Each structure stands twice: as structure tokens, then as C-alpha cells.
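Please read all numbers here as calculations on a predicted model, not as lab measurements. Chain letters run A, B, ... following the sequence lines, proteins first, then strands; residues in each count from 1.
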Number of protein chains: 2
Amino acid sequence: MKKISEGTISRLFTYLRELEQLADFKIPTISSAELGERVNLSDAQVRKDLSYFGQFGVSGSGYDIRKLRDRLAKILGKDQAWQVAVVGAGNLGSALLSYPGFRLRGFKLVAAFDSSPEKIGRRIKGVTVEPMERLGESIREKGVEMAVITVPAGSAQQAAEQLVAAGIKCILNFSPTSLMVPAEIIVKDVHLCREMETLSYFLQHRR
Amino acid sequence: MKKISEGTISRLFTYLRELEQLADFKIPTISSAELGERVNLSDAQVRKDLSYFGQFGVSGSGYDIRKLRDRLAKILGKDQAWQVAVVGAGNLGSALLSYPGFRLRGFKLVAAFDSSPEKIGRRIKGVTVEPMERLGESIREKGVEMAVITVPAGSAQQAAEQLVAAGIKCILNFSPTSLMVPAEIIVKDVHLCREMETLSYFLQHRR
DNA sequence: TAGATTGTTAATCGATTAACAATC
DNA sequence: TAGATTGTTAATCGATTAACAATC
């Protein structure tokens with residue numbers, strides 16, 4: 001299979017979410033043009049993205065909504081639940097643990113870790129905050145495959161290393177540092193300040 | 001001035017942050033190759049990004065660290081503070097209000113709004129949560145130019161409309177919906193579930 | 001059959017990388 | 001001067017868009 005870009009994958013999730021909503025209505029099919037219009041993308045983009053994974057449509061009539069939804073769900077891993085650990089139980093970590101959207105979308109936040117004694121033992125939405133020393137053991141016990149880092153910049157690298165040592169392959173990083181991890185580890189950075197910064201730049205240069 | 005991509009702007013902020021750290025040491029200059037190496041980018045990329053805004057270097061010796069830092073800070077709007085409002089004072093909104101990184105980077109979260117009566121009046125890091133009805137007035141009083149939306153999906157569009165009506169030009173949107181706003185409004189979406197989803201896809205297809 | 005719409009190939013666009021003359 | 005490094009132009013790469021034959 002050829003390399004598929006992150007852009008394509010992200011848009012496929014967008015199509016899937018739209019199809020899930022459409023499936024509730026009575027219409028059975030949708031064209032690439034209609035689907036694209038609903039999510040602000042061109043018909044060509046929709047067909048191209050889908051084409052990486054096979055042929056899902058019927059010439060002249062479009063795509064069967066429920067069938068495409070189910071195929072995409074399978075392809076994108078939305079037919080299964082993912083166990084997730086949160087490292088850092090501060091304000092952001094707690095907010096993520098409390099965010100109902102994750103579970104709704106198949107992500108079960110089942111473990112939380114923090115180094116500060118006063119946080120350890122606290123329960124947040126049914127998850128007990130554990131000490132960092134328990135990280136490896138707890139992750140293995142709970143079958144966690146993905147982790148979110150919400151610790152301050154200074155502790156992020158160490159947290160990442162503990163996660164890698166525990167066998168985690170996939171990290172969502174909210175700390176403003178770039179993590180140094182082995183090449184096979186998939187890291188996605190969400191730098192909140194950076195988002196704000198690019199926004200402020202474009203505001204400054206438009207006003 | 002020709003159109004500059006978001007990628008370039010984001011990287012310029014990365015260079016700036018690196019230069020701020022470097023300025024603390026005694027070395028006076030740095031080459032594009034060294035700077036690039038520190039932030040995992042090529043020397044060509046560094047020079048190209050900078051070239052959109054002028055000539056900052058000296059052939060043979062590189063860039064004066066403090067001088068480039070100051071020039072970039074000016075260009076990127078980091079020589080001023082930005083007033084920011086948070087719409088939605090739930091877990092995520094509260095976490096953002098409590099996050100010290102924003103203020104450190106020049107973003108002052110000075111207003112917070114929520115529709116739920118039990119949240120109104122609460123103080124979070126010195127900011128009092130106000131009712132949605134106060135949004136326009138408060139934003140004008142405080143000179144707010146940027147807003148962050150952290151309300152649930154169902155209320156996001158309405159929140160956006162109130163912000164636009166209040167004169168806000170720039171929105172950071174954490175709700176999982178795509179906002180419909182006039183073309184001149186700059187919206188940046190941060191879809192936490194989507195980040196998690198793309199991550200889970202690549203994990204699934206690599207294991 | 002005629003109209004609609006697919007899947008795919010070719011054209012375009014934009015961003016990154018490589019190369020190098022200019023120059024400190 | 002010789003070595004280092006810039007700023008910029010040209011080449012490459014990858015992603016998006018347009019076009020259209022195939023086909024339901």
C-alpha cells in the first residue's frame with residue numbers, strides 16, 4: 001500500500017462523521033459532490049481520498065451511506081475501542097479525562113499518572129491518579145496503547161521516555177517541547193500556544 | 001507582500017523560541033544550519049522562511065542571535081500582549097484559563113463567559129465568569145481581540161455568532177464542529193478527537 | 001437510451017529541497 | 001586571500017484540482 005497522507009486520513013474521519021449523521025435520515029445514497037459540499041471539500045477530493053482504500057461507489061448513483069460508513073469505520077479503526085493513558089493530572093489532564101467526547105469517539109481514558117503526591121489517589125471521572133512509578137505496570141495491566149502527555153515542558157521528555165519504556169507506541173503531546181523518541185514511535189504535537197500564536201500573527205497582519 | 005503560508009509562520013515562531021533560549025548563552029551568532037539542526041529543520045528551510053521578511057544574516061558568519069530574535073518578535077507580534085476571551089467555562093475552558101503558558105507567551109486571558117447559572121460569578125485565576133449576555137459589552141470594555149471557544153458542539157455556532165457580532169476577528173475553536181462565519185474572520189480549529197483519531201489510525205496500520 | 005456520477009489519469013499548484021553565485 | 005555562509009533561483013516533490021472515459 002502506498003503512503004497515505006495525514007491530510008487524507010483526517011478528511012476520511014470527517015467523511016465518516018458526516019456519514020454517521022446522514023445515516024439517521026432516510027436517504028440511502030450520497031454523491032461525492034453532495035458529501036463534499038457538506039464538509040467544505042471538492043467532489044474530486046472526496047473521490048481521491050476514498051480511492052486510496054478501494055472502490056466504494058456506484059457510477060451514476062453515488063455511495064450507499066450506511067455501507068460507506070461501515071467500510072470507513074473499519075478502515076479507520078472506529079469499530080474498536082482504544083485504551084488511553086494520561087500523564088499529568090493537572091488542569092489540562094483533568095479536563096481531558098472529563099471530556100465526554102473521547103469516549104463517544106472510542107477512546108477510553110483508563111489511566112492517569114502524576115508525580116505530585118497531593119494529586120495521587122484523586123479520582124477523576126472514575127480514573128484514579130497513580131504515581132509515575134506505577135506507569136509501566138499499570139499500562140500493561142490495562143492494555144493501554146496510546147498516551148497523552150500534559151505535564152509541564154520540563155518533565156515532558158522524561159515522561160515520554162517512561163512511556164516508551166512501557167511499550168507505548170503512540171503519544172499525543174500537549175507540552176510545548178519537541179520530544180526525542182525512537183523513530184518508530186508516533187508522536188503528534190498539539191502546541192496550544194503555537195495555535196494561538198499563528199492566529200495572532202494573521203490577525204496582526206490583516207488589521 | 002506575497003502570501004506567506006501558515007507553515008512558514010509556525011516555523012518562525014519555533015525559530016524565535018529557540019533564539020530566545022540561545023540568547024541566554026554567550027554565543028553571539030548562529031548559522032541557518034545550526035539553528036535548523038536545533039529545531040529539526042533544514043538550513044534551506046530556515047533561510048527560505050526568513051527570506052520572506054527580509055535579509056537578516058551576514059554571509060560567512062550567520063545571524064546575530066539577539067538581533068534576529070528582536071526582529072522576529074516584532075514581525076510575529078510577540079512585542080505586544082493580546083487580550084483573549086474564553087467562551088465556555090467548563091473543564092477545558094477552566095484549564096486554559098489556568099494554563100500559565102499563555103500569559104508567558106503574551107496572551108492575556110481576561111474574560112470568560114458561560115451560559116450555565118452555576119458557573120457565572122465563579123473566579124478562575126482572577127477572571128470572573130460572566131453570562132453570555134455580557135459578552136459584547138465585556139469584550140469591548142476589555143479590548144479583547146481574540147476568542148477561544150470551548151463550549152459543547154451544540155452551542156458553538158451560536159457562540160461564534162455572538163463573538164462576530166461583538167467585533168471579534170479571530171477565533172480558536174475547540175468544539176468539534178466547523179463554524180460558519182464570514183470570510184474575513186480567522187478561525188483555527190483544534191479538534192482534540194481528530195488528533196487522537198489520526199494517531200490511532202497510524203497506530204493500527206503500523207502494528 | 002440519456003443523465004448522472006464514478007475512479008483514475010493528467011495538469012496544476014504550492015511547498016520543500018538542492019544548488020550556487022555573491023559576499024563577508 | 002580562503003573558508004564559511006548567506007539569499008535566491010531552479011529542481012523536485014507531493015498534494016489538490018480538473019478532466020474525462022467508463023459504467024450504472
Atom OH of B/Tyr52 and atom P of C/dT16 are separated, to the nearest Å, by 8 Å
### Query
Hey, does the side chain of B/Asp49 reach the backbone of B/Phe53 with a donor-acceptor pair shorter than 3.5 angstrom?
no
Expected string for nucleotides 18-24 of chain C under the B/S/- scheme (protein heavy atoms, under 4.0 Å, primed atoms plus P, OP1, OP2 as sugar-phosphate) is BB---BB
- Using a cut-off of strictly less than 4.0 Å, decide whether B/Gln45 has a side-chain nitrogen or oxygen near OP1 or OP2 of C/dT16. yes
Between CG of B/Asp43 and C1' of D/dT8 the distance, given in whole Å, is 13 Å
The Watson-Crick or G-U wobble partner of D/dT8, with both key distances under 3.5 Å, is C/dA19
So, with a heavy-atom separation below 4.0 Å from DNA chain C, the residues of residues 13-33 of chain B are none
Separation of D/dT5 atom C1' from B/Glu34 atom CD, nearest Å, is 11 Å
Separation of C/dT6 atom P from A/Arg71 atom CZ, nearest Å, is 16 Å
Between CD of A/Glu6 and C1' of D/dT16 the distance, given in whole Å, is 17 Å
From CG of A/Leu50 across to C1' of C/dT5 the rounded distance in Å is 13 Å
For B/Lys125, does the NZ atom sit with more than 12 other heavy atoms under 6.0 Å from it, leaving out its own atoms? no
Re D/dG14: Watson-Crick or G-U wobble partner, both distances kept under 3.5 Å, found to be C/dC13
| said: Is it the case that the side chain of A/Ser10 and the backbone of A/Gly7 share a donor-acceptor pair, with hydrogens and angles ignored and the cut-off at 3.5 Å? | reply: no
Within the structure provided, determine whether B/Cys193 and A/Phe102 are in side-chain contact (heavy-atom separation under 4.5 Å). yes
Review point. Can you find a heavy atom in the side chain of B/Met146 that is under 4.5 Å from one in the side chain of B/Phe107?
Key: yes
Mate of D/dC24 across any strand shown (Watson-Crick or G-U wobble, both atom pairs under 3.5 Å) is C/dG3
Requested in this report: Flag yes if more than 12 heavy atoms outside A/Glu141 fall under 6.0 Å of its CD atom; otherwise flag no.
Outcome: yes
* To do: Kindly check if the number of other-residue, nucleotide or ligand heavy atoms within 6.0 Å of CD (A/Gln158) is above 12?
  => no
In whole angstroms, the gap separating C1' of D/dT17 from CG of A/Asp49 amounts to 12 Å
Neighbour count above 12 (heavy atom, 6.0 Å) for A/Lys108 NZ: no
Give a yes or no answer on whether the side chain of B/Asp114 reaches the backbone of B/Ser116 with a donor-acceptor pair at less than 3.5 Å. yes
Closest to the 5' end of DNA chain D, once B/Gly54 and A/Gly7 are matched to their nearest nucleotides, is B/Gly54
A/Phe53 atom CZ is separated from C/dT8 atom P, nearest whole Å, by 14 Å
